[in-house]
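For reference, the structure is listed below as structure tokens.
Along the sequence shown, residues carry numbers from 1.
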Amino acid sequence: IISSLKLYNLSFIANWSPLPIEIAESDINTPRKTEVIAIFIIRDDILLLSLLDLNFWYMKKGKFKLNILSKNTLLFALAFIIIPNIYSQDIIPGSERFDLYIDKLINKKVAVIANNTSVIRTKNKNIHLIDTLLDKGINVVKIFSPEHGFLGDKDDGEKIENGLYKSIEVISLYGKNRKVNDSDINDIDILIFDIQDVGVRFYTYLSTLHYAMEAASRTNKKLLILDRPNPNSFYIDGPILEDNNKSFIGLHPVPIVYGMTIGEYGQMINGERWLENNLIVDLEVIKIENYNHNSRYEPPIRPSPNLPNLQSIYLYPSLAFLEKTEVSVGRGTKNQFQVYGHPDFEGSFSFIPRPNFGSQFPKLNGVKSSGEDLRIYRTKKKIELKWLIKSYNQIIDKNNFFRSDFDKLSGSSNLKKQIIDGLSESEIRNSWNNDLEKFKKIREKYLLYWKSYDKIISFSSCNSSQRFIWI
């Protein structure tokens, strides 16, 4: 049940209580003969708030007409049948829309930036993009791999050597070099980027994209992004990265959660001239089909070793702050980024980190840590600071709680000080507001997909004219 609905700066309480006549007439200026259907889609869930016929509010005056009720009922029935069908279609990533890009690759020397998430889904199995392109006769001459490697099985921060895949050279972008060298792509015609992102600023695939764009621009190569859904695309939050905190875990003045797909983000890098020397790359994005920024999307393959499921992806923007402290976020367990703890903490829940897939040397290795289990926690559409604040308050050695690179991850030189000074979560969040509003205006210029409710309207009519009210 929705508690409130904002329509032109007016809140409707969804409890079937009619609006006062004076509000209905003065604040929203809605004609008397008006029917409204309000439809909201939150991720995949469709909520038909109901048929709000303002004529009901005139029934006591004897002005209600049966034909209006009949027309409204028909509209409601059509919406109930048609809208769910529209939004229940499968999301189709850009990589699977071959008709939009295969012709661009024929008789070309192609290089691909990819990892284990670069797959084409079929009914029975996932087939890697490289295998698919080779089967279609495309001449793939080089592969570049990001952090965690081409197979996606390396620890965070682990340096990765070059290798081979089906006799094709695989050049690591997380080893001796973290940038695409111009010499590596001088002999190609087109560069493809296809990696699953999670929509968080310190996820290093964004930096890999940035440096690939620079190299493509310097060598006059076309860059093709095969867009994929962002599972954290439904909100925008966090401090904006400050210039003095730029690093490989954050190159751009964006919030921690920026609400864009990797394709939209690439367009923003280009459009805002964030590449070196204000370079512009010849960029094309192959769009996702049947997708919007409220779509619920769970990647078919974990995007990195320590994000095993959708819950971990949702909690990642909030719990990652603790990565740059003495607190464990479950690396070395099967519940990475779904639990957190430390030996100083009290509580009935505990875990012991031990070396495992994706974490050969976990923090607090072999040490029993008490904390919180967030595996069934209902995540909110925001970054939550309560676990960071609670951890700081519980730790005994506060002088050594924050690691030296905390500011690089948070992007802010203020957050650590705000935590130490005892500011509340709401006070800290309020300090982000102005910068977030400025970013939203920048972001809007590069969106390829909109929230579903931006496309759904409530219908109203006034005599012979028709009026549209955007929800």
Side-chain angles (χ1 to χ4, degrees), residues 94-95 100-115 117-118 128-130 132-134 136-147 149-150 159-197 203-228 246-248 250-252 261-287 446 448:
S95 61
L100 298 183
Y101 70 91
I102 283 294
D103 288 348
K104 304 176 190 294
L105 310 180
I106 295 174
N107 298 323
K108 299 287 179 63
K109 292 182 180 179
V110 178
V112 183
I113 302 173
N115 65 1
T117 67
S118 312
H128 200 277
L129 174 68
I130 301 298
T132 304
L133 294 178
L134 293 175
K136 292 181 178 293
I138 302 303
N139 184 20
V140 179
V141 297
K142 285 181 183 175
I143 301 170
F144 296 92
S145 65
E147 183 181 9
F150 182 65
K159 290 188 176 181
I160 303 165
E161 300 297 324
N162 295 347
L164 293 174
Y165 180 75
K166 295 189 174 181
S167 301
I168 303 171
E169 183 182 14
V170 179
I171 300 173
S172 172
L173 298 178
Y174 207 82
K176 183 172 59 176
N177 296 312
R178 294 192 178 182
K179 300 180 180 182
V180 176
N181 291 323
D182 294 0
S183 59
D184 290 331
I185 59 174
N186 274 329
D187 59 344
I188 71 157
D189 298 310
I190 188 168
L191 180 62
I192 295 175
F193 185 99
D194 180 35
I195 296 177
Q196 177 64 58
D197 186 48
Y203 213 56
T204 60
Y205 301 158
L206 292 178
S207 297
T208 299
L209 172 63
H210 175 102
Y211 291 129
M213 292 175 68
E214 286 186 344
S217 178
R218 289 192 301 265
T219 56
N220 296 313
K221 308 298 181 183
K222 183 180 182 68
L223 177 63
L224 193 65
I225 297 179
L226 307 183
D227 211 4
R228 290 184 176 270
K246 285 184 178 181
S247 70
F248 197 71
L251 290 173
H252 311 117
T261 66
I262 196 80
E264 292 173 322
Y265 197 97
Q267 290 194 147
M268 181 170 65
I269 292 174
N270 226 15
E272 295 301 308
R273 301 294 185 95
W274 287 341
L275 300 178
E276 62 177 1
N277 301 321
N278 294 320
L279 290 173
I280 295 277
V281 66
D282 180 6
L283 175 67
E284 183 177 353
V285 178
I286 303 300
K287 291 177 59 178
Y446 305 104
L448 298 171

_Just so I know, are the side chains of M213 and I269 near enough to count as touching, which here means a heavy-atom distance under 4.5 Å?_
yes
_Distance in Å, E276 CD paired with H210 NE2, rounded so as to fall on 0.5 Å steps_ = 7.0 Å
*Can you check whether S207's main-chain N or O pairs, donor with acceptor, with T204's side chain at less than 3.5 Å?*
no
*asked:* For a quick check under 3.5 Å, do Y446 and E272 share a side-chain donor-acceptor pair by atom type?
replied: yes
*Would you call M268 and W274 a side-chain contact if the rule is heavy atoms closer than 4.5 Å?*
yes
*asked:* Closer than 4.0 angstrom, basic N to acidic O: yes or no for K287 and D227?
replied: no
*Should the pair F150 and H128 be assigned to parallel (<30°), tilted (30 to 60°) or perpendicular (>60°) ring geometry?*
tilted
*Does the side chain of L134 reach to within under 4.5 Å of the side chain of I168, using non-hydrogen atoms?*
yes
*What are the two closest heavy atoms between A111 and I188, and how far apart are they?*
CB-CD1, 3.7 Å
*asked:* Is there a side-chain contact between D197 and R228 in this structure, where contact means two heavy atoms from C-beta onward sitting under 4.5 Å apart?
replied: no
*Do the side chain of N162 and the main chain of S172 share a donor and acceptor less than 3.5 angstrom apart?*
yes
*Taking atom NZ of K109 as the centre, report whether more than 12 heavy atoms of other residues, nucleotides or ligands fall under 6.0 Å from it.*
no
*Take D187 and K142 through the test side-chain contact (heavy atoms from CB on, under 4.5 Å) and record every step on the way to the result.*
CA-CA 10 Å; D187 59 344; K142 285 181 183 175; 3.5 Å; yes
*Do the ring planes of F248 and Y211 sit parallel (below 30°), tilted (30 to 60°) or perpendicular (above 60°)?*
parallel
_Gap separating the CD1 atom of I138 from the CD1 atom of I106, nearest 0.5 angstrom_ = 5.5 Å
*asked:* Checking V110 against N139 for the side-chain contact (heavy atoms from CB on, under 4.5 Å) test, could you report, in this order, the C-alpha distance in whole Å, the side-chain angles of both residues, the deciding distance, and whether it holds?
replied: CA-CA 6 Å; V110 178; N139 184 20; 5.8 Å; no
*asked:* Has S118 got a side-chain atom pairing as donor or acceptor with L129's backbone, closer than 3.5 angstrom?
replied: no
*Answer yes or no: does atom CG of N278 have more than 12 heavy-atom neighbours from other residues, nucleotides or ligands under 6.0 Å?*
yes
*If we only count heavy atoms from C-beta on, is the I171 to N181 side-chain gap below 4.5 Å?*
no
*Let me see the working for I262 and I195 under side-chain contact (heavy atoms from CB on, under 4.5 Å), right down to the final yes or no.*
CA-CA 8 Å; I262 196 80; I195 296 177; over 6 Å; no
_P146 versus T208, closest heavy-atom pair with distance_ = CB-OG1, 4.0 Å
*Euclidean distance, F193 CZ relative to L226 CG, rounded to 0.5 Å*: 10.0 Å
*For Y101 and S95, indicate whether the former's side chain and the latter's backbone hold a donor-acceptor pair under 3.5 Å.*
yes
*Minimum heavy-atom distance K104-I190, with the two atoms named*: O-CD1, 4.5 Å
*Any side-chain heavy atom of I160 within less than 4.5 Å of one from L173?*
no
*Least distance between heavy atoms, T219 atom then K221 atom*: OG1-CG, 3.1 Å
_CG-CG distance between L209 and L283, expressed to the nearest 0.5 angstrom_ = 8.0 Å
_Let me confirm one number: the NZ-NZ distance from K176 to K159, rounded to the nearest 0.5 Å._
11.0 Å
*Provide the closest heavy-atom pair for A216 versus V281 in the form atom of the first, atom of the second, distance.*
CB-CG2, 3.6 Å
*So, do L105 and K136 sit near enough that their side-chain heavy atoms are less than 4.5 Å apart?*
no
*Indicate the atoms forming the closest heavy-atom contact of N270 with L279, along with that distance.*
OD1-O, 4.3 Å
*S217 side chain to I280 main-chain N or O, any donor-acceptor pair under 3.5 Å?*
yes
*With a 4.5 Å limit on heavy-atom distance, are the side chains of E214 and L275 in contact?*
yes
*Between CG of L164 and NZ of K166, what distance do you get to the nearest 0.5 Å?*
13.5 Å
*Test applied, side chain to side chain contact (heavy atoms under 4.5 Å, CB included); reference residue, V112; option that passes from V141, I192, L191*: I192
